Number of protein chains: 2
Amino acid sequence: MLDANRVRVLVEVAHAGSIAAAAERMSFTAPALSQQLAKLERELGCTLLERRQGGVRLTGAGRILLAYGERVMGDLRDAETAVRAAAGERPRRLSLGTFASAGKVLVPGALAAFARAHPDVRPALSDLEPPDGYGLVASGALDLLITHRYPGVQLPAAAGLRRERILVDPLMLVLPEGHPAARPGPVPLAEAAGDEWICGAPGVPNRVALETAAREAGVRVRVAYETRDYEVTLALIRAGVGVGLVPRTVLGACEPSGWSAHPVAAADPAAPPPAREVYLVHRRRPLAPVPEMASLLRLSAHRALDRGAGAAAAD
Amino acid sequence: MLDANRVRVLVEVAHAGSIAAAAERMSFTAPALSQQLAKLERELGCTLLERRQGGVRLTGAGRILLAYGERVMGDLRDAETAVRAAAGERPRRLSLGTFASAGKVLVPGALAAFARAHPDVRPALSDLEPPDGYGLVASGALDLLITHRYPGVQLPAAAGLRRERILVDPLMLVLPEGHPAARPGPVPLAEAAGDEWICGAPGVPNRVALETAAREAGVRVRVAYETRDYEVTLALIRAGVGVGLVPRTVLGACEPSGWSAHPVAAADPAAPPPAREVYLVHRRRPLAPVPEMASLLRLSAHRALDRGAGAAAAD
DNA sequence: AACGACGGATAAGCTCTGCTTATCTGCGGG
DNA sequence: CCCGCAGATAAGCAGAGCTTATCCGTCGTT
């Protein structure tokens, strides 16, 4: 049968993106992993990795084995924690993956409350932009993932995992002070047709969402500046560089001057307004503190939404 | 993290019932396994096995780890076959576990048809009486399990497995030739109140079923002879030693003389008559030939039921 | 009661897996 | 042009894990 330790090497290499990086994480040297992978490939009689510039990429067979391997690693971790839990031991670590703006808006409050309730559990945070992170959850390297979906972007498959939507975060049209379209109530995207946009690079979810919404509104998008960072986006709007779409929860956490935020009037009034959905992802039998952290994050999400609504109404 | 090879040792020991037997199966010596288990226990800080007379028994922690370990081993096997299947390789082995009477009645026909359709696949058979075998399926040591439930016996948990009932096999009251209760049509169990019974030892499913049915009919069971083997049961009935309950499908495969079989008239006419249920158990993503073997077994089951009905009606 | 069979634990020694270090190749950027 | 980075390969070494040997307790047999 396949050697589980070799499979683990493949999983780590896939997550790290290169043999060298995985070796670093596993406190081994690169040749050690290279040899184990070679044996795994010989054993299976097919190549699992394409050696290419700057690292490796999985072949089709490699991706199949990765999916199984992640499950196996996750189950091994679960096994250990289950046995230790039966012996009365409590987990002392909770690893959390989050995308950038949740890391600023949702996580700090939840983490503070969690730390008060569980001073003995050390939370570990890592930044992961969608669609990354699912494999880390499956393999148990991550206990809880906070991820999102923008309109027009497909949600990744989550085989064997639980995914829960904790927030529908409306995308607000943010205009500089004095913009002619600025007024209370929903604003059609078409009124920003003459403006330049500040958004992510092509392929970045918020860029896809903007292009999707613009297409539906029949507006052509001209991009003035590309950034993933909403604080930068707001600073640029404040400076009059252009306009942008920003999730409502982000607004409540930013300097509320120099711009005004408006609900987007959807082209089709029956359709829901464009919104970023925020999800939690974890394994089926999560560690004891995971559900608690999840409910703190839900709470944090609702508060952030309220704050954002306040920031938007302020204008 | 836990070493998967050590976990495998635990799984094998649990299935084999003793360290020595597991070592035999794994082509190792007993001390090798003993040492690995000791390391596993030290690593987890708790005992997994109780050393007791004639072998070992799992502790609570051991049972928890066993359940996870079986999943892990099953997934590792699945991983290998999935990768090989993607490379065009076809599985060449199919292991089948079956209880004794199915091995005689259901399996031979299905196996013959399967061998014609898949001359390249070598089937392996092993005898497993319920409730054994579920763990072997979970760990991938068994591809397909044929198991049963008698009335009054609880069906084992099958977490992560698929279980399908392929047959409801009515228990027939079998009487020696010339028995006063022998007549066409259903016979109440009470009419055998004066007879002695031939059935399994206490705890054996068919004994439990008999006692359950007798309790409902208000009949006290006196056991003349204990055997699990239905051919022996029928031979004893033929010899006038007593009466018995025998599944209908078994009757169609036995010498049809010297006894007569009758449906049992249930005490509560609304309740279904007592029957042995036959199930197939396999993993969620079975090997290619498993579903095919399953449908051959379903077919075989229906045929056996018809043959059994014939044998019963013959009297 | 004594003995042998069986199952397991422990000790000591050896083998081989799998790690490290060192060297080589190929590709890309300063 | 050359250095840096990622990976493959070769050679050597350490340790994990196996085997053999011995011991202990329990049971069934003589």
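Throughout, protein chains are lettered first and strands after them, A, B, ... in sequence-line order, and every chain is numbered starting at 1. Not measured: the values here are computed from a predicted model.
- Axis orientation changes by 10° from one end of the helix from C:dA1-D:dT30 to C:dG30-D:dC1 to the other, with each end axis drawn from 5 pairs and the value rounded to 10°.
- The nearest whole Å value for the distance from the CG atom in B:D3 to the C1' atom in D:dC18 is 15 Å.
- Near DNA chain D, meaning a heavy atom under 4.0 Å away, there are no residues from residues 57-66 of chain B.
- Between B:L33 atom CG and D:dT20 atom C1' the separation is 15 Å, expressed in whole Å.
- When rounded to the nearest whole Å, the span between CZ of A:F28 and P of C:dT21 equals 13 Å.
- The side-chain contact (heavy atoms from CB on, under 4.5 Å) search around B:R222 returns B:E196, not counting sequence neighbours.
- Shown here are the salt bridge (charged side-chain N to carboxylate O under 4.0 Å, His left out) partners of B:D229, two or more places apart in sequence or in another chain: B:K104.
- B:D127 is linked by a side-chain contact (heavy atoms from CB on, under 4.5 Å) to B:T98, counting only residues two or more places apart in sequence or in another chain.
- Listed by first then second residue, pairs satisfying salt bridge (charged side-chain N to carboxylate O under 4.0 Å, His left out) with a partner in residues 2-19 of chain A read A:R6-A:E43, A:E12-A:R25, not counting sequence neighbours.
- In this structure A:H15 satisfies the ring pair (Phe, Tyr, Trp, His ring centres under 6.0 Å) test with no other residue, sequence neighbours excluded.
- Sorted by first and then second residue, the ring-ring contact (aromatic ring centres under 6.0 Å, His included) pairs with a member in residues 70-92 of chain B form an empty list; sequence neighbours excluded.
- For B:A21, the side-chain contact (heavy atoms from CB on, under 4.5 Å) partners two or more places apart in sequence, or in a different chain, are B:A16, B:S18.
- We find that CG of B:L49 is positioned 11 Å from C1' of C:dG8, with the value rounded to whole Å.
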Q) What string of B, S and - do you get for nucleotides 3-16 of chain D, 5' to 3', if B is base contact, S is sugar-phosphate-only contact and - is no contact with any protein heavy atom under 4.0 Å? A) ---SSSBBB-----
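- When the salt bridge (charged side-chain N to carboxylate O under 4.0 Å, His left out) test is applied to B:E24, no partner is found at least two apart in sequence or on another chain.
- As rounded to whole Å, 12 Å separates atom P of C:dA9 from atom CG of B:L48.
- Residues that satisfy the side-chain contact (heavy atoms from CB on, under 4.5 Å) test with B:R285, not counting sequence neighbours, are A:Y68, A:R71, B:D78.
- The CE atom of A:M26 sits 9 Å away from the P atom of C:dC19 (whole-angstrom rounding).
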